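One-based numbering along the sequence shown. What you see is a predicted model, and the numbers here were worked out from it, not measured in a lab.
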Amino acid sequence: MALFSDLTDDDFKHVHLPVDDISIDAGAMLYNAGDRALSLYTLRHGLVKLTHYLSDGSQRVVRLVRPGGTIGLEALCSDQFSHYAEAVQDSHLCRIPVAVVERLDRESPHLHQQLLQRWHQAVLDSDQWLTQMSTGSARERVARLCLFLRDDKTGTCLLPGREDIGAMLGITTETASRIIADFRRRGVVTALTRSHFSLDSKALQSVAGIYDEAA
């Protein structure tokens with residue numbers, strides 16, 4: 001439904017290859033940069049990070065994909081994946097063969113616009129990630145990450161491990177741990193489990209330098 005929500009029953013008569021439901025554990029790789037790109041993916045549940053490794057061996061997270069997001073869109077115009085895709089949390093995905101998307105794109109006018117919207121959203125998400133998670137102080141970046149991962153229904157978030165947070169935000173693991181501990185002392189976040197936190201969203205917005213224009 002994430003990618004094909006606008007299609008009709010007649011459109012799906014053209015689908016002759018399986019769309020698989022797959023699960024991967026936290027820490028497992030969905031694919032590596034340079035792997036042959038035969039499928040793209042939509043995320044049903046969990047969290048996946050897309051990582052680029054620099055020449056010095058360091059890594060930078062270029063995007064976090066949340067449920068409803070599409071992963072590996074470059075498979076539609078390249079025979080190799082561009083990034084390393086790793087599950088940050090236990091994740092459930094739909095694996096969609098490129099041949100299915102290409103055929104539907106040719107034969108269904110509904111899908112082409114949907115694909116363009118997905119490309120556009122992926123670019124916007126990457127730009128937002130680079131802007132919000134790579135600039136400002138370490139405290140601002142951690143606060144923005146908490147808000148980015150917030151579940152709007154529950155007001156809570158599942159935070160990755162401190163090492164992952166450091167790699168995502170370009171800060172050290174020790175700095176990430178120290179800031180989260182300080183947030184807990186101040187009541188900005190409250191631990192429900194080791195990685196699950198309830199959030200004081202207004203306090204986090206203040207730290208992050210994000211203000212509600214309607215307020």
Side-chain angles (χ1 to χ4, degrees), residues 23-30 32 43-69 71 83-93 124-215:
S23 298
I24 57 175
D25 296 332
M29 299 300 298
L30 180 62
N32 297 301
L43 183 61
R44 297 178 60 195
H45 174 76
L47 189 69
V48 173
K49 66 176 180 178
L50 301 181
T51 304
H52 175 70
Y53 282 88
L54 305 178
S55 57
D56 63 1
S58 62
Q59 60 170 308
R60 291 309 302 267
V61 175
V62 297
R63 184 159 64 100
L64 275 187
V65 183
R66 296 181 293 181
I71 305 166
H83 304 104
Y84 294 84
E86 179 183 347
V88 180
Q89 302 168 1
D90 292 346
S91 298
H92 305 282
L93 308 99
L124 290 178
D125 288 346
S126 294
D127 284 348
Q128 181 186 43
W129 180 263
L130 291 172
T131 300
Q132 294 193 2
M133 308 302 172
S134 300
T135 60
S137 69
R139 286 174 59 83
E140 290 172 338
R141 298 183 197 186
V142 174
R144 291 169 190 164
L145 180 64
C146 291
L147 292 168
F148 179 85
L149 296 175
R150 177 183 58 191
D151 184 325
D152 291 335
K153 292 181 180 178
T154 64
T156 65
C157 76
L158 283 169
L159 282 179
R162 306 299 186 263
E163 186 174 347
D164 269 334
I165 292 175
M168 291 174 187
L169 303 181
I171 60 178
T172 65
T173 302
E174 293 76 13
T175 297
S177 296
R178 186 174 65 251
I179 291 171
I180 292 171
D182 180 62
F183 283 179
R184 291 180 64 179
R185 283 194 299 270
R186 296 173 180 271
V188 177
V189 301
T190 302
L192 303 175
T193 67
R194 180 179 175 82
S195 59
H196 193 196
F197 295 85
S198 64
L199 308 179
D200 182 337
S201 296
K202 289 186 177 180
L204 283 169
Q205 289 172 344
S206 179
V207 174
I210 299 172
Y211 301 100
D212 186 352
E213 294 181 357

Table please: side-chain donor-acceptor pairs of residues 162-170 below 3.5 Å, with sequence neighbours left out.
residue, atom, partner, partner atom, Å
D164, OD1, K49, NZ, 2.6

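- The backbone N or O of A26 sits less than 3.5 Å from a side-chain atom of D90, completing a donor-acceptor pair.
- Nearest approach of P160 to V88, heavy atoms of both residues: CB-CG1, 3.5 Å.
- Each of V188, T175, I179 was compared with R139 under the side-chain contact (heavy atoms from CB on, under 4.5 Å) criterion, and only I179 meets it.
- Counting all heavy atoms, side chain and backbone alike, V207 lies closest to A143 at CG1-CB, 3.8 Å.
- Separating the CZ atom in R144 from the CG atom in L204 is a distance of 12.0 Å, to the nearest 0.5 Å.
- Between atom CG of residue L159 and atom CD1 of residue I180 there is a gap of 5.5 Å, rounded to the nearest 0.5 Å.
- Applying the side chain to side chain donor-acceptor pair (under 3.5 Å) test to H196 and every residue at least two apart in sequence or in another chain returns T156.
- Contact of the R141 side chain with the M133 side chain is not registered, since no non-hydrogen atoms from C-beta on lie closer than 4.5 Å.
- In this structure a side-chain-to-backbone donor-acceptor pair under 3.5 Å is missing from S23 to H92.
- Because its NZ or CZ atom is both nearer than 6.0 Å to the ring centre of F148 and within 45° of the ring axis, R66 counts as a cation-pi partner of that residue.
- The OG1 atom of T135 sits 7.5 Å away from atom CD of E140, with the distance rounded to the nearest 0.5 Å.
- Rounding to the nearest 0.5 Å gives a distance of 12.5 Å between CZ of R150 and CG of L145.
- The shortest non-hydrogen separation linking R63 to V65 is NH1-CG2, 3.7 Å.
- Comment: D200 does not engage K202 in a salt bridge, judged by the lack of any side-chain N to carboxylate O separation of less than 4.0 angstrom.
- Take R186 and apply the salt bridge (Lys or Arg N to Asp or Glu O under 4.0 Å) test, not counting sequence neighbours, and it matches D182.
- When each of L30, L64, I71, V61 is tested with L50 by the rule side-chain contact (heavy atoms from CB on, under 4.5 Å), just one qualifies, namely I71.
- Within the model, atoms CD1 of I171 and OG of S177 stand 9.0 Å from one another, a figure rounded to the nearest 0.5 Å.
- To the nearest 0.5 Å, the span separating CD1 on I24 from OG on S91 amounts to 5.5 Å.
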